[in-house]
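Excluded from the calculations below are hydrogen atoms, water molecules and symmetry mates; all remaining heavy atoms, backbone and side chain alike, are included.
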Amino acid sequence: MTNSPSLVFVARLLGMDVFEPLGERLGRLRDVVVVHRSATRPPQVVGIIVEVLAKKRVFVAMTRVTSIDNGQILITGLVNFRRFQQRGAEIRIAAELFDRKVTLTDGSGIATIEDISIERQRNGDWYCSQMFVRRGHSTSRLRSLRRGAALTIDWSDAYFEDQAEPQGAVQFLAAHEDLKDADLADMMHEMNDKRMLEIAAELQDDRLADVLQELPDDDQVQILSALETDRAANVLNEMEPDDAADLLSDLPEEQKEELLQLMEPDDAEDVRRLLEYEEGTAGSLMTPIPVILPPEATVAEALAHVRREDISPALASAVFVARPPLETPTGRFLGVVHIQQLLRFPPPEALGNLVDRNLEPVTDHTSIVDVSRTLASYNLNSLPVVNDDGRLVGAVTVDDVLDALLPQDWRSHDDTPAASRNPGTPTGTPLVRGAGKAGSTRIGGRSG
């Protein structure tokens with residue numbers, strides 16, 4: 001390895017861009033993988049986890065890393081683009097060691113890991129070398145340290161507490177605060193159950209609600225069931241009504257009713273209404289809180305509503321015009337004003353003059369297949385949903401339909417076979433078996 005410092009701290013690597021030698025960006029580093037093979041030596045670094053296209057995380061062996069410097073990482077050789085699957089002996093530093101408790105060998109008590117350094121040996125192998133920890137008391141030989149003070153110690157100056165002990169999540173979330181909800185959900189899905197629940201417990205209610213909506217159904221149920229009942233109800237209040245209804249429908253009837261009783265009455269009413277619909281209908285997919293305005297409202301008012309941060313892009317693409325009352329189920333539905341119309345007319349223009357009356361709404365009992373055909377036929381992002389009385393009861397968005405049509409495991413599904421790699425392979429031998437076949441890509445350098 002050339003042009004690299006011999007010692008780097010992992011927290012500084014997280015999010016760093018990874019490039020191939022000719023300058024093409026491969027992705028972004030998300031974690032470092034180590035294996036602890038000997039009790040007398042610190043863990044050896046065997047590779048890095050890189051987030052590539054489609055938010056997939058793949059394994060790159062450390063022998064393929066040629067440079068860590070100037071805010072970027074260079075790699076060479078072959079990269080297997082199959083999704084990373086953690087093996088039993090492997091440990092991810094950011095996901096599994098940050099926030100872990102260690103006991104200091106000088107007898108001064110317990111500290112929490114905030115960062116770990118990795119160091120390159122003369123033979124080119126990388127090993128964990130130091131921990132940056134924050135301690136809870138000041139009884140050590142370093143009398144000047146106050147409560148909560150941080151220090152850097154050698155790996156041999158501490159040993160880990162029981163693996164079953166709860167692991168905090170403050171440092172992990174701080175290191176990944178830039179992640180979008182779907183990306184954090186993807187990382188949590190790849191964790192073991194214990195770690196996933198620890199991360200969920202540390203998230204604020206609104207962030208946890210957003211992340212839950214991006215997780216597979218089984219993970220959603222597991223996390224919600226692990227929360228205290230009051231907190232679970234608060235998280236459901238923060239979720240979109242259709243997502244909350246989907247999650248509650250997977251719970252036992254007794255638990256579902258208990259949570260509905262604890263939710264805010266207005267939120268619970270929206271969710272109860274959605275739970276009444278048969279699965280596979282527009283009513284079961286829709287959100288009951290689209291942007292609804294009367295015909296007298298102006299373009300300026302409509303733009304102010306769709307500009308709100310809590311409105312999804314799909315819902316912001318249209319304003320639904322109806323007679324009062326404006327909360328679903330509304331008065332008589334009049335039609336839709338598309339956002340392009342709002343941008344083409346002056347602010348004082350009344351919405352009643354811009355309504356698209358040619359777009360027929362779907363009923364709350366329309367099948368998903370028919371809804372998807374209508375969206376595709378007219379190139380729409382959302383569709384109004386009305387009941388038998390012609391009153392607006394909600395809107396179905398294109399992302400709602402995609403969630404319903406895709407396989408249940410689409411968030412974690414990988415079309416390629418399990419990754420084939422050998423972290424223990426000596427330097428100089430191919431790390432990707434079957435080089436040149438599907439799932440492996442040559443990105444520069446020699447294969448061996």
Side-chain angles (χ1 to χ4, degrees), residues 180-181 205-207 209-210 213-214 236-245 263-271 273-274 282-283 285-364 371 374-375 378-387 389-403:
K180 294 183 178 180
D181 299 326
D205 289 351
D206 55 346
R207 184 79 195 277
D210 293 336
Q213 293 167 173
E214 304 295 338
L236 288 167
N237 285 329
E238 297 287 345
M239 295 178 71
E240 294 294 329
D242 52 330
D243 291 308
M263 290 177 65
E264 293 293 330
D266 290 344
D267 294 329
E269 182 182 352
D270 287 337
V271 173
R273 190 147 44 90
L274 293 174
L285 294 179
M286 69 183 184
T287 174
I289 48 174
V291 179
I292 309 170
L293 291 173
E296 299 81 18
T298 64
V299 166
E301 292 175 88
L303 288 173
H305 278 78
V306 299
R307 197 180 293 127
R308 283 172 20 216
E309 192 173 331
D310 60 326
I311 300 293
S312 70
L315 283 178
S317 66
V319 173
F320 301 100
V321 181
R323 296 291 183 190
L326 299 180
E327 291 187 0
T328 56
T330 66
R332 185 166 65 91
F333 174 68
L334 299 177
V336 176
V337 179
H338 304 286
I339 191 168
Q340 292 96 334
Q341 289 289 90
L342 297 177
L343 298 174
R344 292 170 184 157
F345 282 82
E349 189 74 28
L351 297 183
N353 299 331
L354 309 179
V355 167
D356 179 1
R357 301 181 188 274
N358 295 322
L359 178 61
E360 291 292 331
V362 296
T363 71
D364 45 7
V371 171
T374 303
L375 285 169
Y378 298 101
N379 298 318
L380 298 171
N381 290 318
S382 63
L383 268 178
V385 182
V386 298
N387 60 16
D389 297 324
R391 302 171 70 188
L392 184 71
V393 292
V396 174
T397 62
V398 66
D399 53 313
D400 294 329
V401 173
L402 285 174
D403 273 344

How close do [X] and [Y] get, heavy atom to heavy atom, and via which atoms?
X: Arg207; Y: Asp181; result: NE-OD1, 2.8 Å
X: Pro241; Y: Asp270; result: CB-CB, 4.2 Å
X: Ala282; Y: Val396; result: O-CG2, 3.6 Å
X: Gln341; Y: Leu354; result: NE2-O, 4.0 Å

(message) Between Arg391 and Thr328, does the side-chain hydrogen bond (donor to acceptor under 3.5 Å, both in side chains) criterion hold? Intermediate values first, please.
(response) CA-CA 8 Å; Arg391 302 171 70 188; Thr328 56; over 6 Å; no

(request) Give a yes or no on whether the backbone of Thr287 and the side-chain of Glu240 come within a donor-acceptor separation of less than 3.5 Å. (result)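 No; judged by distance alone, with no hydrogens or angles, the pair does not exist.
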
(request) Could you tell me whether the side chain of Ser317 and the main chain of Ala314 form a donor-acceptor pair under 3.5 Å? (result)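 Indeed, once roles are kept as given, a pair shorter than 3.5 Å links the two residues.
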
Rounded distance (nearest 0.5 Å) linking atom [atom1] of [X] with atom [atom2] of [Y]:
X: Leu383; Y: Met286; atom1: CG; atom2: CE; result: 13.0 Å
X: Asp403; Y: Thr397; atom1: CG; atom2: OG1; result: 8.5 Å
X: Asn381; Y: Asp399; atom1: CG; atom2: CG; result: 9.0 Å

(request) Sort out for me which residue in Val319, Val321, Leu326 forms a side-chain contact (heavy atoms from CB on, under 4.5 Å) with Ile292. (result)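 In the set Val319, Val321, Leu326, the residue that makes a side-chain contact (heavy atoms from CB on, under 4.5 Å) with Ile292 is Leu326.
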
(message) So if I apply the side-chain contact (heavy atoms from CB on, under 4.5 Å) rule between Leu351 and each of Thr298, Leu342, Val336, which one comes out positive?
(response)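 Testing each of Thr298, Leu342, Val336 against Leu351, the sole residue satisfying side-chain contact (heavy atoms from CB on, under 4.5 Å) is Leu342.
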
(request) Show your working on salt bridge (charged side-chain N to carboxylate O under 4.0 Å, His left out) between Glu349 and Arg344 and close with a plain yes or no. (result) CA-CA 10 Å; Glu349 189 74 28; Arg344 292 170 184 157; over 6 Å; no

